[in-house]
Number of protein chains: 2
Amino acid sequence: MSVVSPPRCVRWHDDAVTTTYAALPNKLAEAANGISYAYRDTGGDGDPLVLLQHFRGNLDNWDPALVDALAAGRRVIAFDNAGVGGSTGATPHTVDQMALDALAFLEAMDLGLVDVLGFSIGSFVAQQIALTRPSVVRRLVLASAAPQGAADMHGWVPEVIGAIGKPSTEPDDYLGVFFTPSPSSRTAGRQALGRMYARADDRDAATSWATRQAQYDAVCTWGIPNHRMLERLGVLTMPVFIANGDSDPMILPHYSYLLAGMIPHARLKIYPDAAHGFLFQHHAEFAADVEAFLADK
Amino acid sequence: MSVVSPPRCVRWHDDAVTTTYAALPNKLAEAANGISYAYRDTGGDGDPLVLLQHFRGNLDNWDPALVDALAAGRRVIAFDNAGVGGSTGATPHTVDQMALDALAFLEAMDLGLVDVLGFSIGSFVAQQIALTRPSVVRRLVLASAAPQGAADMHGWVPEVIGAIGKPSTEPDDYLGVFFTPSPSSRTAGRQALGRMYARADDRDAATSWATRQAQYDAVCTWGIPNHRMLERLGVLTMPVFIANGDSDPMILPHYSYLLAGMIPHARLKIYPDAAHGFLFQHHAEFAADVEAFLADK
């Protein structure tokens, strides 16, 4: 999304030696499917945590405060899926193919077993990855998520797709979907935007209109009602952490409940006075919850 | 259940004029199906709140502290379904028939539109009432609940049915299922038992072994896995409040999530450090939550 914001210099660690997500270089991974995937890698030990981004988001749309908090205890990798931002190829029109494209990236990086955090459409891809190749997923975090085939979610409501589905979106469009109208949430939203846009050099390539169209086709296809599709969630036997804002207008908390009720071993948390961007608004609390979940605490 | 407890005199209102649930007379309602239903009625204005009791429970197994708190703002009616406690007839072996039996009681009382609070097996009956005759249910409260056909709930785990399914149960059996092992939960459990057994005169008739057998048949039948049965919850379009303890060993909170994800307009609350009897342990908080829900706050 092309969001204009006040650039300002922000560092998230007192220790000046620490590299923040905002300063990580963009890298490219050449995969067997011919795609060059843009990514950023915090480094670190253990099974990496791989991040799957929201609708129209690229590497710059992860709040550095969140990634830095997650990376305090582990290696975190963000990447653009095929056709998105700085990656080559075309964005597919189905979540199934997005999952296969993501698996090609994991293979290209030779990551082995990973933890996966999927956000919004990224949560759809994360579920599909775990269903398609469960052997590579250790634990799964689903943020602002919904299961394929659930009732009454065939595309987003007009106010949402009208705001963040336009050719060029403004900060207020983003804030209206990702944050609630409360002063504290809006302030948190502006701070998150400030952090995302503080990076001046080596920004990621903007996502294209073709990506927007293909991703929204995939969102609507995911929302074609089909009660039987819910049953497949029963095979997701790895631990899953499901999280959402209590006032998300894009993907209602209702669908987090549904995921938590269909997935056998799920932990659920709904964050107060928060919308689609709850994980940026409550970045410290959410990162601590993710860390506790991944560390099995 | 035959639970021996320390009888002591307790009143739940400072105002000595107020009648507490523990002092309400047992009454009988003669229904068109030939059953005489035992019930207690707090009186009061507006649409009444009708309570549906748990496995093997009779009128004495409602914590008076909870009923009194609920009755502060509205009329509350507790009754024994067919074959249970002081009611005549035989306990049926299916939830479907229990719902029809409950509807016969509502008709006998000429209650019209009601709010329904179903607890445990009573929550199964409450769902079935709302599915069978939605026109009589204004709002629905499902406590320690689960939907018919959900996976992995075919009867209760051995520790649970072994404790509360025995011919004669002891207070510790009850406490082990309805309360957590924490000191505060156990203390709350002993206090709840004390309140339930403080009533010395005109106690309800004990539930029979035949009722226990029939109810457990109904519980197991409700738990026969059938994914398609979940879809019917989509027609429950009235507001629904779903509540559970976070550590309920009898009906896991997992199934509260599932209900909240399948019912279109559901409010969900999971109470901390609480088991099957969360609504007795947290009686003041739960009653306030129910009141806010019923008053649409």
Side-chain angles (χ1 to χ4, degrees), chain A residues 123 127 140 142 144-154 157 222-249 251-272 289 292-293 297, chain B residues 123 127 140 142 144-154 157 222-249 251-272 289 292-293 297:
Chain A
S123 81
Q127 292 169 65
L140 194 56
L142 302 176
S144 305
Q148 183 174 1
D152 295 322
M153 54 165 225
H154 188 228
V157 295
W222 189 258
I224 295 171
N226 184 346
H227 179 72
R228 292 190 193 181
M229 291 296 286
L230 300 176
E231 194 171 16
R232 66 192 194 140
L233 296 168
V235 302
L236 294 181
T237 52
M238 69 284 290
V240 180
F241 175 40
I242 297 159
N244 204 347
D246 65 353
S247 306
D248 187 349
I251 304 183
L252 307 183
H254 178 72
Y255 299 106
S256 289
Y257 298 154
L258 184 50
L259 284 164
M262 289 304 307
I263 293 172
H265 309 294
R267 185 182 299 190
L268 173 69
K269 183 165 176 177
I270 305 295
Y271 294 73
D289 292 335
F293 167 69
K297 286 176 186 164
Chain B
S123 82
Q127 292 170 64
L140 195 56
L142 302 176
S144 305
Q148 184 174 0
D152 296 320
M153 53 166 226
H154 188 228
V157 296
W222 189 258
I224 296 172
N226 184 347
H227 179 71
R228 293 189 192 183
M229 293 295 288
L230 300 176
E231 195 172 14
R232 65 192 196 140
L233 296 169
V235 302
L236 295 180
T237 53
M238 69 285 288
V240 180
F241 175 40
I242 297 158
N244 205 347
D246 65 353
S247 307
D248 186 350
I251 303 183
L252 307 183
H254 177 73
Y255 299 106
S256 288
Y257 299 153
L258 184 51
L259 284 164
M262 289 305 307
I263 293 173
H265 310 294
R267 187 182 298 190
L268 172 69
K269 184 166 177 177
I270 305 295
Y271 294 72
D289 292 335
F293 167 70
K297 285 175 186 163

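In what follows, every chain begins at residue 1, and chains take the letters A, B, ... in the order their sequences are listed.
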**Student:** Around atom CG of A/Asp152, are there more than 12 heavy atoms of other residues, nucleotides or ligands at under 6.0 Å?
**Tutor:**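 Open: at most 12 neighbouring heavy atoms sit under 6.0 Å from CG of A/Asp152.
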**Student:** Let me know if A/Pro264 has heavy atoms under 4.5 Å from chain B in its side chain, its backbone, both or neither.
**Tutor:**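 For A/Pro264, the backbone is the part near chain B, not the side chain.
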**Student:** Need one label for B/Ala151: side chain, backbone, both or neither, based on atoms under 4.5 Å from any heavy atom in chain A.
**Tutor:** neither
**Student:** Whether the side chain of B/His227 engages the backbone of A/His227 through a donor-acceptor N/O pair (distance < 3.5 Å, no angle test) should be reported.
**Tutor:**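 Looks like yes, one N/O pair under 3.5 Å.
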**Student:** I'd like to know which of A/Leu258, A/Leu252, A/Ile270 tops the heavy-atom pair count under 4.5 Å against chain B.
**Tutor:**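 Heavy-atom pairs under 4.5 Å are most numerous for A/Leu258.
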**Student:** Which region of B/Leu230, side chain (C-beta onward) or backbone (N, CA, C, O), has a non-hydrogen atom less than 4.5 Å from a non-hydrogen atom of chain A, or is it both or neither?
**Tutor:**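 Both backbone and side chain.
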**Student:** Which pair of non-hydrogen atoms, one from B/Tyr257 and one from A/Ala260, has the smallest distance, and what is that distance?
**Tutor:**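 Closest approach of B/Tyr257 to A/Ala260: CD1-CB, 3.5 Å.
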**Student:** Between B/Ile263 and A/His254, what is the shortest heavy-atom contact and its length?
**Tutor:** O-CE1, 3.0 Å
